[in-house]
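Inspection log for the structure reproduced underneath, given as structure tokens.
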There are 2 protein chains.
Amino acid sequence: MNVVTALDSRTARPPEGAGTQARHDRQVTAEEANRLAEMFRLLGDPTRAQLLYALLAAGELCVCDLTEAVQVTDTAVSHALRLLRTAGVVASRREGRTIYYRLSDAHVRMLLDLSREHLREAR
Amino acid sequence: MNVVTALDSRTARPPEGAGTQARHDRQVTAEEANRLAEMFRLLGDPTRAQLLYALLAAGELCVCDLTEAVQVTDTAVSHALRLLRTAGVVASRREGRTIYYRLSDAHVRMLLDLSREHLREAR
DNA sequence: TTGATCTCTGAATCCTGGTTCAGATGTTAG
DNA sequence: CTAACATCTGAACCAGGATTCAGAGATCAA
């Protein structure tokens, strides 16, 4: 209701229309925000984060290596990897009885890389 | 950007010895990964994500505006904002009886901006 | 074949944390 | 002062999801 002091002007509220298509605007629809939240949630678990950063550093690792890197059960690792796999974040490759995992999403890889970088600079 | 992190690396297994240096390297300690996970977790909730993206777009909004933007109770918004506030992600400013919130962490702002961008390009 | 290794799966448990509820705090108007 | 408004707080409730448990595929060696 109140007029807001926007940093960037153009805060005009479009009339909630359903016929809105993909905007290149700053505006983010609830749908988009939910998709983004879903992705962030995937990274927001200590086990999964450690797995992903281990893969980011090593490039490719088998489950046994990952189990050793992160201090949890191999079962927990397997469950975590399944989530990441079905989400398309990691990909797997079988070689004999061992299965190697790697990051498959360049987008996520950049997020991980960038976040690590900035965690170290700032604070 | 140079997001490429050599995928090949025939899994040259470093012998996992005692010498755990690698502080500025690609290596990420469990401690760092947990900190990063904690930050991602903060963004990994639909309500909080919508709040943050609303703030990213508008620059500054009061609780009543945020309550309207996100479709939840004002109480839920308040709880969500408290989490973000204590984490240093948002800052508040009082003007009369209304309180205005804004993003206070440049790091998070970039993450939000970048993620939105890439969600739209890719896929 | 048997046994050992590596990984995955579904069910059950358990716990974190998001929402709701009822009320408190602070602020402005009358 | 009281009343209305804007927001916050703590406790309780409850669901989603991470871990554990027990066992199943899959693959290789002997």
Side-chain angles (χ1 to χ4, degrees), chain A residues 1-5 30 33-52 54-55 58 60-87 89-102, chain B residues 11 13 16 30 33-52 54-55 58 60-87 89-102:
Chain A
M1 297 238 278
N2 300 336
V3 176
V4 176
T5 65
N34 288 339
R35 295 261 295 276
L36 287 161
E38 195 177 348
M39 139 157 303
F40 283 130
R41 195 184 61 75
L42 226 57
L43 312 181
D45 173 71
T47 297
R48 290 195 294 269
Q50 286 186 55
L51 291 176
L52 292 175
L55 290 177
E60 201 176 43
L61 290 172
C62 65
V63 178
C64 58
D65 285 338
L66 289 169
T67 301
E68 193 177 352
V70 184
Q71 280 302 41
V72 293
T73 320
D74 61 339
T75 308
V77 171
S78 205
H79 280 301
L81 286 174
R82 173 162 56 172
L83 275 183
L84 297 171
R85 199 188 331 131
T86 56
V89 175
V90 301
S92 60
R93 170 180 71 87
R94 165 160 247 146
E95 186 172 313
R97 32 188 159 174
T98 80
I99 300 182
Y100 292 97
Y101 280 85
R102 63 183 182 279
Chain B
T11 319
R13 220 161 291 185
E16 208 65 42
N34 288 339
R35 294 261 295 276
L36 287 162
E38 196 177 347
M39 140 157 302
F40 284 130
R41 195 183 60 76
L42 227 57
L43 311 181
D45 172 72
T47 297
R48 291 194 293 269
Q50 286 185 58
L51 290 175
L52 292 174
L55 290 176
E60 201 176 44
L61 290 171
C62 66
V63 179
C64 58
D65 284 339
L66 288 169
T67 300
E68 193 179 351
V70 184
Q71 280 301 44
V72 292
T73 320
D74 60 340
T75 308
V77 170
S78 205
H79 280 300
L81 286 174
R82 174 162 56 171
L83 275 185
L84 297 171
R85 198 187 333 128
T86 56
V89 175
V90 301
S92 61
R93 170 180 72 87
R94 165 162 246 146
E95 185 173 314
R97 34 188 159 176
T98 81
I99 300 181
Y100 291 97
Y101 281 84
R102 64 183 181 281

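Remark: B:Arg102 pairs with B:Glu60, B:Ala91, B:Arg93 by the side chain to side chain contact (heavy atoms under 4.5 Å, CB included) rule, at least two apart or across chains. In this view, B:Ala49 and A:Ala37 satisfy the side chain to side chain contact (heavy atoms under 4.5 Å, CB included) rule, not counting sequence neighbours. Shown here are the side chain to side chain contact (heavy atoms under 4.5 Å, CB included) partners of B:Asn34, two or more places apart in sequence or in another chain: A:Pro46, A:Gln50. Checked against side chain to side chain contact (heavy atoms under 4.5 Å, CB included), A:Arg94 has the following partners two or more places apart in sequence or in another chain: A:Ile99.
Residue-to-nucleotide contacts include a donor-acceptor pair under 3.5 Å from the side chain of A:His79 to the base of C:dG10.
Rounded to an integer number of Å, the gap from B:Leu84 CG to D:dC8 P is 12 Å. Summarising the geometry, the separation between CG on B:Asp74 and P on D:dT9 is reported as 13 Å, rounded to the nearest angstrom. Summarising the geometry, the separation between CG on B:Asn34 and P on C:dT16 is reported as 15 Å, rounded to the nearest angstrom. The distance between atom CG of B:Leu81 and atom P of D:dA6, rounded to the nearest whole Å, is 16 Å. Between the P atom of C:dC6 and the CZ atom of A:Arg82 lies a distance of 21 Å, rounded to the nearest Å. A straight line from CG of B:Leu61 to C1' of D:dT7 spans 15 Å, rounded to a whole angstrom. Rounded to whole angstrom, the span from the CZ atom of A:Arg93 across to the P atom of C:dC6 amounts to 16 Å.
B:Leu66 comes within 4.0 angstrom of no nucleic acid atom, judged by non-hydrogen atoms across all strands. Counting any heavy atom pair closer than 4.0 Å across all strands shown, A:Thr98 reaches sugar-phosphate atoms only and no base atom.
In this structure the side chain of A:Tyr101 reaches within 4.5 angstrom of the side chain of A:Leu55, judged on heavy atoms. Looking at B:Val90 and B:Leu52, their side chains come closer than 4.5 Å, going by heavy atoms from C-beta outward. In this structure, the side chains of B:Leu42 and B:Phe40 stay at 4.5 Å or more apart for every pair of heavy atoms. Between A:Val72 and A:Thr67 the shortest side-chain heavy-atom distance does not fall below 4.5 Å.
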What are the atom names and distances for every N/O pair under 3.5 Å that joins the protein to nucleotides 22-29 of chain C?
none

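Put simply, B:Thr73 has a side-chain N or O that comes within less than 4.0 Å of OP1 or OP2 on C:dT20. Side-chain N/O atoms of A:Tyr101 include one lying less than 4.0 angstrom from OP1 or OP2 on C:dC8.
Side chain of A:Thr86 to main chain of A:Arg82: a donor-acceptor pair is present (N/O by atom type, distance under 3.5 Å, no hydrogens or angles).
Sorted by residue number, the members of residues 38-50 of chain A with any non-hydrogen atom under 4.0 Å from DNA chain D read A:Arg41, A:Asp45, A:Thr47, A:Arg48.
When each of D:dC8, D:dT20, D:dG10 is scored by its nearest atom to the side-chain atoms of A:Ala76, the top-ranked nucleotide is D:dT20.
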